[in-house]
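Because the structure is predicted, anything quoted here is derived from the model rather than measured.
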Amino acid sequence: MSDKELRRYSRIVVDGVEQAPSRAMLRAVGFSEDDFNRPQIGIASTWSMVTPCNMHIGGLAEEAAKAASDAGGKGVVFNTISVSDGISMGTPGMRYSLVSREIIADSIEAVAGAEGFDGLIAIGGCDKNMPACVMAMARLNRPSVFVYGGTIKPGMNRRDIVSVFEAVGARSGGLISDEELLEVERTAIPGPGACGGMYTANTMASAIEALGMSLANSSAQEAVSEQKIDDCRRAGQAVMHLIREDIKPRDIMTREAFENAISVVIALAGSTNAVLHLIAMAREADVPLSLDDFTRIGARVPVLADVKPSGKYLMSELIEIGGIQPLMKRMLDKGLLHGDCMTVTGKTLAENLANVDDYPEGQDIVRDFDHPIKPDSHLSVLYGNVAPEGSVAKITGKEGLRFEGPARVFHSEEEALQAILDNTVKAGDVLVIRYEGPKGAPGMREMLSPTGAIMGKGLGAKVALITDGRFSGGSHGFVVGHVSPEAAVGGPIALIEDGDLLNIDAGSREINVAVSDEELAGRRAAWKRPPSPVKRGVLAKYRNEVSSASEGAVTIPPDWDR
C-alpha cells in the first residue's frame, strides 16, 4: 500500500501548498516535519476525574499514542466526556447517562472526521462510553481498535459499588447500623477501574472482545496492572497493522460477530444493558439485529459463569483464572461461536483462540456445559399486553421463572424507592415504575437504587419490579425493564392501576395484566401524559429524537437512508 493510501484521510488535511495553515497549527501541538508523512491515529480518551472508572485512562491514552507513533503512525490524543452512573444513580442526574452515549459517539465522530484521522484507538471504562466508542468507529469505518480501561480491584471483604446500594436497603430494614453502613461506604471502592462484577462495563468489555473490536483479554485485565498498559501498547501496533491491511470496523462487525457477542454475554450472565447497546451498535454498522435474535441465540447458549450480581465471583477473580478467552475457546469447540469472524488482530476469532489454554483444574467460576447455572439464557425477551413491542427480563432461575401479584404503581424511581424504604412495599407486590423510558425520563434511568434496596431488605425473591426504564448491570432479583412502548407515548404500562393483577412468566416469555381489552381501551381514552419539567437543552433534544428501547434507544430515525 502506498504512502498516500496509508494516509487516506490525513493527507487531505496536511498535503499541498494550500494546507500550509493546517500544518502550521499542527506544528504548534508537536508535529515534526516527518509526522506529516505518517498516518494520523486519533486516540479517543474518556479520561476524567468525575468517576473512578475513568480516572486512570489519561495515562493509558498516552501509552497507546506512543505505541502508535513507534509503529509508524502519529498518535494524537483527544478527550470526550464521561458521566458516572454510580454517582448519579437515584437522582435526576441519571437522566443524562444514556444520553451521554449519543453525545460521546457524536463527539468522537466529529473530532475524527474534522481532523482527518486515518485510524482510531478509543479507550473506554464506563457503561455508556464503551458502546459509544464502538458506535463512532462503525460510523467512521476507519481502522480502529477499542481498549477497555479495565476493572477495579475488589474492596475490603470483596465489596464493590453494589455492596453499598444493598447496604442502604439493609440499613433501612434495620439489618445493619449507621456505623456499619459507613464502613461499607468507605471500603467498597479502593481505586481506579470499572465496577467489579459482571455489571454493564465488564459485560460490554466482554461483548466488544467477542465482537472482535478489542485485542485478546482486553476485557479481562485490572485497570491498574502491567497487563492493561501492555494492552494499550499492543493496540497502537494493531491499529497500524489494520491500516496497512485496510481492515475496517464494518469488516469486523458483521452479523455473525454480533451473534458471537450475544452468545458470550449470555454465557457470562451479563447485563440487560447489553441488549440495548448491541442493538444500537449494530444499527451503526448497518447490521440487522433485534430483540428476537437474543431469544433465538439464548435458546441454545447456557449461562456458565457464576459471577456477581446474581452469582458469587468478581471480575478480578475471573481474570485470575484466565479471563474470557478459555470460555470462548470452549464455546467455539462446542459450535456456539462463529470462528471465521475477522478481528482487530487481523486474524479470525478461531485463529486467535487456537493456542488458548483451558481454565485451571478445580476452578468453579466457569461451569462445564454439562453442569450450567442455567441451560438457556438469563436474558428473557417478554411480550404480552403490557409489552407489545417487547421487554427484557434478567431471570437467572434463582428467582424462579414466574411471578404473579398485584401492581403497586409509581410515576418515578424516587417514589418507588421511598415506598421500599418506608415499608409500604410488601412481599407479593409487583412494583411498576413508569415514565422512566427513553422519552419519559427522558433518558431511561437505571433502577439500581430500588433493586439494591429490595435486595438489602431481603425482598429479592418476594417482590417483582417492571419498568419502562432499565437496570444497572448490578441489579438482580425478579426484574423486567425496557417495557415497550413506554408510558410516555401511551404504552400499556401507562394504563396499569394499583391492584391490577400482573403475571410475569419467563417460561412462556409473556408479561400480561389481567385487564380486559375493553377496559384498557377505556383507560387509554382517558389517559393524558403527565407534564415534563424538561423544556430545553440536551434532554429535550434527546426526547424529540430517541427511538424505542426495543430499537436500541438510538437517535437515528429507523427509516433514515444511510
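- Counting only distance, with no hydrogens or angles, the side chain of S100 and the backbone of I103 share no donor-acceptor pair below 3.5 Å.
- Between the R38 side chain and the S69 main chain, a donor and an acceptor come within less than 3.5 Å of each other.
- Side-chain atoms of N217 never come within 3.5 Å of backbone atoms of A220 as a donor-acceptor pair (strictly under, hydrogens ignored).
- Remark: D292 does not engage R296 in a salt bridge, criterion side-chain N to carboxylate O under 4.0 Å.
- In this structure, K334 forms a cation-pi arrangement with F369, its terminal cationic atom sitting closer than 6.0 Å to the ring centre and no more than 45° off the ring axis.
- Note that CE of M342 and CD1 of I247 are 5.0 Å apart. Values are rounded to the nearest 0.5 Å.
- With respect to the salt-bridge test (charged N to carboxylate O, under 4.0 angstrom), the residues D286 and R250 qualify.
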Worksheet item: Are L278 and L289 close enough, and set up right, to give a side chain to side chain contact (heavy atoms under 4.5 Å, CB included), and what steps lead you there?
Response: CA-CA 8 Å; L278 287 171; L289 198 69; 4.3 Å; yes
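- No donor-acceptor pair closer than 3.5 Å links the side chain of E109 to the backbone N or O of L140.
- Among all heavy-atom pairs drawn from L332 and G339, the shortest one is CD1-CA, 3.6 Å.
- A donor-acceptor distance shorter than 3.5 angstrom exists from the side chain of S547 to the backbone of V554, with no hydrogens or angles considered.
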Worksheet item: Given N273 and Y199, is the side-chain hydrogen bond (donor to acceptor under 3.5 Å, both in side chains) satisfied, shown in steps?
Response: CA-CA 9 Å; N273 279 318; Y199 312 144; over 6 Å; no
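- We find that K228 and D230 are not joined by a salt bridge, their nearest charged nitrogen and carboxylate oxygen being 4.0 Å or further apart.
- The CD atom of E317 sits 10.0 Å away from the CG atom of D306 when rounded to the nearest 0.5 Å.
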Discussion item. Go through it in stages, so that I can follow the logic: the residues are M331 and S263, the test is side chain to side chain contact (heavy atoms under 4.5 Å, CB included), and I'd like the CA-CA distance, side-chain angles, deciding distance and then a yes or no.
Written reply: CA-CA 9 Å; M331 294 176 72; S263 297; 3.8 Å; yes
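- A donor atom on one side chain and an acceptor atom on the other are found under 3.5 Å apart for N352 and T343.
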Item to complete: Would you sort out whether R445 and R470 count as a side chain to side chain contact (heavy atoms under 4.5 Å, CB included), showing the intermediate values?
Response: CA-CA 6 Å; R445 291 195 292 177; R470 59 198 175 91; over 6 Å; no
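- Side-chain contact, Q363 with E320: no donor N or O sits under 3.5 Å from an acceptor N or O.
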Discussion item. Please determine whether side chain to side chain contact (heavy atoms under 4.5 Å, CB included) holds for the pair N54 and W47, giving the CA-CA distance in whole Å, both sets of side-chain angles, and the decisive distance to 0.1 Å.
Written reply: CA-CA 5 Å; N54 298 71; W47 171 86; 5.7 Å; no
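- Panel note: side chain T46, backbone I123; a donor-acceptor pair is recorded below 3.5 Å.
- Remark: E259 engages R255 in a salt bridge, criterion side-chain N to carboxylate O under 4.0 Å.
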Worksheet item: Would R101 and D127 satisfy salt bridge (charged side-chain N to carboxylate O under 4.0 Å, His left out), going step by step from the backbone distance to the final call?
Response: CA-CA 9 Å; R101 186 188 72 182; D127 298 15; over 6 Å; no
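- Checking S219 against E209 by side-chain atom types alone, a donor-acceptor pair falls below 3.5 Å.
- The two residues N129 and G124 make their nearest non-hydrogen contact at OD1-CA, 3.3 Å.
- Considering every non-hydrogen atom in both I121 and V239, the closest pair reads CD1-CG1, 3.9 Å.
- When side chains are defined from C-beta on, K394 counts as touching P309, because their heavy atoms get closer than 4.5 Å.
- Between R139 and D106, at least one side-chain N (NZ, or NE/NH1/NH2) sits under 4.0 Å from a carboxylate O, which counts as a salt bridge.
- Without hydrogens or angle criteria, S380 side chain to L382 main chain gives no donor-acceptor distance under 3.5 Å.
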Discussion item. Go through it in stages, so that I can follow the logic: the residues are T555 and E102, the test is side-chain hydrogen bond (donor to acceptor under 3.5 Å, both in side chains), and I'd like the CA-CA distance, side-chain angles, deciding distance and then a yes or no.
Written reply: CA-CA 7 Å; T555 54; E102 311 304 302; 3.2 Å; yes
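- Heavy atoms only, all atoms of each residue included: E222 and S316 are closest at OE2-OG, 2.8 Å.
- When atom types are taken as modelled, the side chain of N260 and the backbone of L211 share no donor-acceptor pair closer than 3.5 angstrom.
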Item to complete: Tell me, with the steps shown, if S271 and T203 meet side-chain hydrogen bond (donor to acceptor under 3.5 Å, both in side chains).
Response: CA-CA 6 Å; S271 167; T203 296; 5.1 Å; no
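- For the pair K128 and E446, the salt-bridge criterion is met [side-chain N within less than 4.0 Å of a carboxylate O].
- Across all non-hydrogen atoms, the minimal contact from V265 to A207 is CG2-CB, 3.7 Å.
- Judged purely by atom type and a 3.5 angstrom limit, S218 uses its side chain to pair as donor or acceptor with the backbone of Y148.
- For the pair R142 and Y9, the distance from NZ or CZ to the six-membered ring centre is under 6.0 Å and the angle to the ring normal is within 45 degrees.
- Annotation for N355: atom CG does not count as buried by contact number, only 12 or fewer foreign heavy atoms lying within 6.0 Å.
- Going from atom CD1 of I81 over to atom OG of S107 covers 6.5 Å, rounded to the nearest 0.5 Å.
- Counting heavy atoms from C-beta on, the side chains of P372 and R367 never come closer than 4.5 Å.
- The local environment of OH in Y96 is sparse, with at most 12 non-hydrogen atoms from other residues, nucleotides or ligands closer than 6.0 Å.
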Discussion item. side-chain hydrogen bond (donor to acceptor under 3.5 Å, both in side chains), that's the test. Do E389 and S484 meet it? Break it down for me.
Written reply: CA-CA 5 Å; E389 293 178 5; S484 302; 5.0 Å; no
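- Atom CE of M130 and atom CE of M281 lie 9.0 Å apart (nearest 0.5 Å).
- Here the NZ-CG distance, from K308 to L314, works out to 5.0 Å after rounding to the nearest 0.5 Å.
- Of all heavy-atom pairs between D251 and D246, the closest is OD2-O, 3.8 Å.
- Looking only at atom types and distance, the side chain of D85 has a donor-acceptor partner in the side chain of S97 under 3.5 Å away.
- Side-chain atoms of P39 and K74, non-hydrogen and from C-beta on, never get closer than 4.5 Å to each other.
- For the atom pair CZ (R509) and CG (L401), the distance works out to 11.0 Å, reported to the nearest 0.5 Å.
- No salt bridge links D231 with R233; every basic N to acidic carboxylate O contact stays at or beyond 4.0 Å.
- When atom types are taken as modelled, the side chain of D118 and the backbone of Q40 share a donor-acceptor pair closer than 3.5 angstrom.
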Worksheet entry | Steps toward salt bridge (charged side-chain N to carboxylate O under 4.0 Å, His left out) verdict (R330, D368) | CA-CA 9 Å; R330 288 182 177 187; D368 294 330; 3.4 Å; yes
